[in-house]
2 protein chains.
Amino acid sequence: MTLLQSLSKNQQIVLDIIKKAKGPLKAYSILFNVQKKGINAPQQIYRALDKLIEMGKIHKIESKNAFVACKSSDCEISKATAFSICESCEVVDEISDAKLSKYLSGFNRKKGMKFKRFNLEFFGICKKCK
Amino acid sequence: MTLLQSLSKNQQIVLDIIKKAKGPLKAYSILFNVQKKGINAPQQIYRALDKLIEMGKIHKIESKNAFVACKSSDCEISKATAFSICESCEVVDEISDAKLSKYLSGFNRKKGMKFKRFNLEFFGICKKCK
DNA sequence: CTTAAATATGTTATATTATAACAAACGTTA
DNA sequence: TAACGTTTGTTATAATATAACATATTTAAG
Ligand SMILES: [Zn+2]
Ligand SMILES: [Zn+2]
Ligand SMILES: [Zn+2]
Ligand SMILES: [Zn+2]
């Protein structure tokens with residue numbers, strides 16, 4: 001039945017909330033949203049978030065301390081993430097661009113360090129806000 | 001042509017500390033380091049940090065909530081920043097790569113949104129730690 | 001099946017990071 | 001001088017995240 005990694009109860013609850021949201025959610029906003037489901041403490045949220053990130057189900061937008069569901073499923077367990085962020089309306093979109101991903105993954109060799117992962121955040125003003 | 005913006009007293013104190021440091025500094029670590037200089041409150045640190053970022057003198061490493069002095073002076077007022085981060089020893093280096101910067105700045109046009117700024121953070125294991 | 005290990009949960013407390021709000025001092029310039 | 005913007009000082013509080021410990025549940029061997 002469960003072909004892929006199955007989620008625990010709390011992980012599923014947190015993922016559902018994040019998926020339903022229109023934008024990035026903050027940890028405490030998730031907490032307030034799930035208190036009716038019996039989750040009462042930040043730890044429970046942060047633990048679920050940590051696991052979901054490990055699994056590549058969600059990403060953290062570092063510049064906003066907020067979490068979004070993975071839309072692309074191209075970013076293989078959160079190894080290569082890129083986002084566009086509108087500084088006016090705060091809309092965040094995951095960028096799924098094979099060329100970009102390949103270019104940045106290939107960047108590894110040019111330096112003495114071998115990269116395992118990257119996160120890229122673009123900022124600007126979106127179409128609607130222009 | 002370029003007007004040399006002079007720093008205020010607190011801005012200079014905070015910048016000096018960050019420049020002397022071997023790695024990224026956290027705001028409260030800066031605070032503890034400057035209490036002998038008469039700075040007593042987080043606000044004073046965060047205000048200085050905000051201005052120094054605006055001026056492009058320092059950058060924030062978003063994934064670490066820490067601050068480093070700008071090493072490259074190629075990133076024109078913090079519009080195009082990239083860092084390599086060792087997940088073992090936590091060493092952070094600013095990446096100064098004209099091609100990379102050009103490539104990412106050029107990425108703007110491909111999407112409906114015009115980007116004004118980006119931040120890229122690479123993670124891996126550095127030479128020393130390998 | 002039985003047991004041990006690993007994973008997940010619940011809970012309380014605390015640490016860390018960041019901002020709000022207000023008053024006073026300072027620096028520029030009209 | 002007066003007005004304005006910026007910087008500073010200060011107290012308080014908000015927002016984000018982890019520590020530590022006890023219990024429960026699932027998984028995988030033996
Ligand atoms: Zn993704
Ligand atoms: Zn917008
Ligand atoms: Zn720089
Ligand atoms: Zn290292």
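Just so it is clear, the model here is predicted, and its values are computed rather than measured. All values below come from the heavy atoms of this structure, side chains included, with hydrogens, waters and symmetry mates left out. Naming: A, B, ... by sequence-line order, numbering from 1 per chain.
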Terminal axes of the helix from C/dC1-D/dG30 to C/dA30-D/dT1 (five pairs each): angle between them, nearest 10 degrees:
30°

Ordered by number, residues from residues 35-45 of chain B within less than 4.0 Å of DNA chain D (heavy atoms) are B/N40, B/A41, B/Q43, B/Q44

D/dT16 P sits how many Å from B/E62 CD, rounded?
14 Å

So, is A/S8 close to the D/dT25 phosphate, meaning a side-chain N or O under 4.0 Å from OP1 or OP2?
no

Atom CG of B/L25 and atom C1' of C/dT17: how far apart are they, to the nearest Å?
15 Å

Counting side-chain heavy atoms from C-beta on, which of C/dA18, D/dT8, D/dT18 comes nearest to A/Y46?
D/dT18

For atom CG of B/L31 and atom P of C/dT17, their distance in whole Å
12 Å

Is any side-chain N or O of B/N65 closer than 4.0 Å to OP1 or OP2 of D/dA17?
no

With a cutoff of under 4.5 Å between side-chain heavy atoms, which Ile, Leu, Val, Met, Phe, Trp and Tyr residues group with A/V91?
none

Can you give me every donor-acceptor pair (side chain of residues 18-44 of chain B, partner residue at least two apart or in another chain, under 3.5 Å) with its distance?
unit_1, atom_1, unit_2, atom_2, d
B/K26, NZ, B/K64, O, 3.2
B/N33, ND2, B/S29, O, 2.8
B/N40, ND2, B/G38, O, 3.3
B/Q44, OE1, B/N40, N, 3.0
B/Q44, OE1, B/A41, N, 3.0

Go through the structure and list residues passing ring-ring contact (aromatic ring centres under 6.0 Å, His included) with A/F123, not counting sequence neighbours.
none

Could you state the atom-to-atom distance from CD1 of B/I61 to C1' of C/dT17 in whole Å?
16 Å

With a non-hydrogen cut-off below 4.0 angstrom, is A/K64 in contact with a base, only sugar-phosphate, or nothing?
nothing

Would one find a side-chain N or O of A/K9 under 4.0 angstrom from OP1 or OP2 of D/dA24?
no

Examine the side chains of B/E121 and B/S63 and answer whether a donor and an acceptor come within less than 3.5 Å of each other.
yes

Distance check: side-chain N/O of A/K26 vs OP1/OP2 of D/dA15, anything under 4.0 Å?
no

Expected output: side-chain B/E94 to main-chain B/K71 donor-acceptor under 3.5 Å:
yes

Out of C/dA18, C/dT9, C/dA8, which nucleotide sits closest to the side chain of B/F67?
C/dA18

With the side chain defined as heavy atoms from C-beta on, A/R47 is closest, among C/dT17, D/dT16, C/dG10, to C/dG10

Separation of D/dT7 C1' from B/Q12 CD (nearest whole Å):
15 Å

Examine A/F83 together with A/F122 and report whether their ring centres are nearer than 6.0 Å.
no

Think B/K60 has a side-chain N or O under 4.0 angstrom from the OP1 or OP2 of C/dT17?
no

Using whole Å, what does the distance between atom P of nucleotide D/dT6 and atom CG of B/L7 come to?
16 Å

Interatomic distance where NZ belongs to B/K51 and P belongs to C/dT19 [whole Å]
14 Å

Under the rule for side-chain hydrogen bond (donor to acceptor under 3.5 Å, both in side chains), what residues qualify as partners of A/D50, not counting sequence neighbours?
none

Say whether B/N119 and B/T81, considering side chains only, have a donor N or O and an acceptor N or O under 3.5 Å apart.
yes

Roughly how many Å is it from CG in A/D50 to C1' in C/dA8, rounded to a whole number?
13 Å

So, do A/E90 and A/I85 sit near enough that their side-chain heavy atoms are less than 4.5 Å apart?
no

Is any N or O donor-acceptor pair between the side chain of B/Y28 and the base of C/dA18 shorter than 3.5 Å?
yes

Using only atom types and a distance under 3.5 Å, with no angle test, would you say the side chain of A/Q11 pairs donor to acceptor with the backbone of A/S8?
yes

